[in-house]
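Structure first, commentary second.
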Amino acid sequence: MMPTGILSNRICLITGSSRGIGLGVARVFAENGASVVLHGRDESVLRRSLAEFSEPKRHSYVAADINTPEGVGVLAAAFLRLHEKLDVLVHSAGILGPPKIPLAEYPVESWQDVLHLNLTAPFLVTQALLPALRKGDSPSVIFVSSGVGYRGRAGWGAYSVSKFGVEGLNQVWADELKAESIRVNAVNPGGTRTQMRAAAYPQEDPMTLPTPEDIAPVFVWLARADTEVTGQSVEARDWVGRDPAN
Ligand SMILES: NC(=O)c1ccc[n+]([C@@H]2O[C@H](COP(=O)([O-])OP(=O)(O)OC[C@H]3O[C@@H](n4cnc5c(N)ncnc54)[C@H](OP(=O)(O)O)[C@@H]3O)[C@@H](O)[C@H]2O)c1
């Protein structure tokens, strides 16, 4: 999409933005004027990712493993040292867990890890940053869902169950925050060219898939201060090639 200033002055935290969909969305937000805070576990990866932005000084990063409540606390405290308000919160951190393992044999440790990172962490991060969202300008929270979050599929185990949970989390937060005009929506990215997709579909040619930047327009639209929808679950694929500025 053509860079615009439609996200000028918007402060955006994107969890899981050291690579993949989170990084692509962060780049496109930055090109459209936002100040972004990148997040992942590895500080050196985050530093390298940020160095490739056209105006790195406008942006920052926080390293925190959010697979524990303590790690969520680290992320929230570090974000609040950088900014006192939050306009856009995108929950992109996620893990697949062991692929193609039937529930009958699914290891409980993996179940707990996947459920925690994909479902409990976005609940806790939203809760911890709610005071900053309340100070935001037309605040927007964006969860990242999946097609297996509406229809369960054999071999997708805890990942599928966690995304059903994300759909529920989206609807409950949206309903509870409506009165405060904090918008909450979920995006199903559809198959996207990332490490996670390659792990799930090793036989697939990644070049047949849209890139994270290709699917970013719907995130930009939901991040805009003048978008009004809340409580929706939207398909990123429907927005590929569309201009969210119009
Ligand atoms: N790609 C697809 O086709 C597709 C389709 C549907 C839904 N999704 C969803 O889209 C989101 C992004 O997926 P992706 O494909 O971009 O995955 P990815 O390339 O594997 O990226 C995952 C991100 O999450 C971060 N992360 C992982 N574990 C973490 C932890 N414990 N604490 C903090 N950060 C952690 C990773 O950073 P570090 O490893 O550096 O910590 C990385 O930035 C996920 O929620 C996924 O379920 C993806």
Side-chain angles (χ1 to χ4, degrees), residues 13-28 36-50 61-76 78-79 89-97 99 109-110 112-125 128 141-151 153 156-167 169-170 186-202 204-216 218-219 233-237 240:
L13 169 64
I14 300 107
T15 72
S17 48
S18 57
R19 62 167 188 268
I21 291 172
L23 179 58
V25 167
R27 280 199 195 114
V28 175
V36 303
V37 179
L38 299 182
H39 161 257
R41 284 168 298 182
D42 188 328
E43 189 162 349
S44 59
V45 174
L46 289 163
R47 199 179 311 118
R48 276 201 303 277
S49 298
L50 188 57
Y61 62 79
V62 174
D65 182 343
I66 55 170
N67 218 2
T68 62
E70 296 72 32
V72 170
V74 170
L75 169 60
F79 175 83
L89 172 59
V90 180
H91 294 284
S92 194
I95 45 171
L96 184 62
E109 298 77 21
S110 304
Q112 282 164 342
D113 272 358
V114 173
L115 264 291
H116 195 284
L117 186 67
N118 294 4
L119 179 59
T120 308
F123 152 63
L124 291 175
V125 171
V141 178
I142 306 173
F143 291 102
V144 179
S145 183
S146 167
V148 292
Y150 329 133
R151 174 123 202 111
R153 203 183 306 155
W156 284 78
Y159 180 83
S160 173
V161 174
S162 72
K163 295 299 184 179
F164 270 83
V166 166
E167 292 289 333
L169 189 62
N170 177 47
V187 172
N188 170 22
T192 308
R193 198 185 307 164
T194 69
Q195 275 184 31
M196 183 189 286
R197 178 73 186 190
Y201 294 91
E204 184 177 60
D205 175 2
M207 299 314 283
T208 60
L209 296 171
T211 64
E213 285 80 358
D214 291 334
I215 62 145
V218 71
F219 288 89
S233 199
V234 292
E235 301 291 323
R237 283 289 184 93
V240 171

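For ligands, and for the atoms within them, numbers begin at 1 and follow the listed sequence. Because the structure is a prediction, the values reported are computed rather than measured.
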Contact summary for [X] and [Y], nearest pair of heavy atoms:
X      : Y      : result
Arg193 : Leu209 : NH2-O, 3.0 Å
Ser18  : Ser49  : O-OG, 3.1 Å
Tyr61  : Leu50  : CD2-CD2, 3.7 Å
Val74  : Ala64  : CG1-CB, 4.0 Å

Could you tell me whether some N/O pair between [X] and ligand 1 is separated by less than 3.5 angstrom?
X     : answer
Arg19 : yes
Gly22 : no
Val45 : no
His39 : no

Note the single closest protein heavy atom to [atom], along with its residue, its atom name and the distance in Å.
atom                    : value
atom 35 (C) of ligand 1 : Arg41 NE, 4.0 Å
atom 10 (O) of ligand 1 : Val144 CG1, 3.2 Å
atom 14 (P) of ligand 1 : Thr194 OG1, 3.7 Å
atom 47 (O) of ligand 1 : Tyr159 OH, 2.5 Å
atom 5 (C) of ligand 1  : Gly190 O, 3.6 Å
atom 16 (O) of ligand 1 : Ile21 N, 2.8 Å
atom 22 (C) of ligand 1 : Gly94 O, 3.8 Å
atom 3 (O) of ligand 1  : Thr192 N, 2.8 Å

I'd like to check [X] versus [Y] (side-chain heavy atoms, cut-off strictly below 4.5 Å). Are they in contact?
X      : Y      : value
Leu169 : Pro122 : yes
Val72  : Phe123 : no
Leu13  : Val62  : no
Pro69  : His116 : yes
Phe79  : Val37  : yes
Asn188 : Arg237 : no

Next item on the list: From the options Leu23, Thr194, Val25, select the one residue that forms a side chain to side chain contact (heavy atoms under 4.5 Å, CB included) with Pro212.
Entry: Thr194
Atoms of ligand 1, numbered as shown, that sit under 4.0 Å from any heavy atom of [X]:
X      : result
Ile66  : 32 (N), 33 (C)
Ser92  : 11 (C), 12 (C), 44 (C), 45 (O)
Gly191 : 3 (O)
Asp65  : 30 (C), 31 (N), 32 (N)
Ser145 : 6 (C), 7 (C)
Pro189 : 6 (C), 7 (C), 8 (N)
Ser17  : 43 (O)
Gly20  : 16 (O), 19 (O)

Side chain, backbone, both or neither: [X] near ligand 1, heavy atoms under 4.0 Å:
X      : answer
Thr15  : neither
Lys163 : side chain
Ala200 : neither

Item checked: Test side-chain hydrogen bond (donor to acceptor under 3.5 Å, both in side chains) applied to Ser110 and Asp113, step by step -> CA-CA 5 Å; Ser110 304; Asp113 272 358; 5.9 Å; no
Check: With a 4.0 Å cut-off on heavy atoms, does Gly71 reach ligand 1?
Finding: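 Contact check Gly71 vs ligand 1: negative.
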Notebook entry, point to check: CD1 of Ile215 to OG1 of Thr192: how many Å apart, nearest 0.5 Å?
Noted result: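 Separation between the atoms: 4.0 Å.
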Next item on the list: Can you figure out which of Gly149, Ser18, Pro122, Gly24 has its heavy atom closest to atom 36 (C) of ligand 1?
Entry: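 Among Gly149, Ser18, Pro122, Gly24, the closest heavy atom to atom 36 (C) of ligand 1 comes from Ser18.
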Margin query: Please verify the inter-ring angle class for Tyr201 with Trp156; under 30° counts as parallel, over 60° as perpendicular, anything in between as tilted.
Written below: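 Taking Trp156 first and then Tyr201, their aromatic rings sit tilted (interplane angle of 30° to 60°).
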Note to self: Looking at Ala63, is its backbone amide N or carbonyl O close enough to the side chain of Asp42 to form a donor-acceptor pair, meaning the two atoms are under 3.5 Å apart?
What the structure shows: no
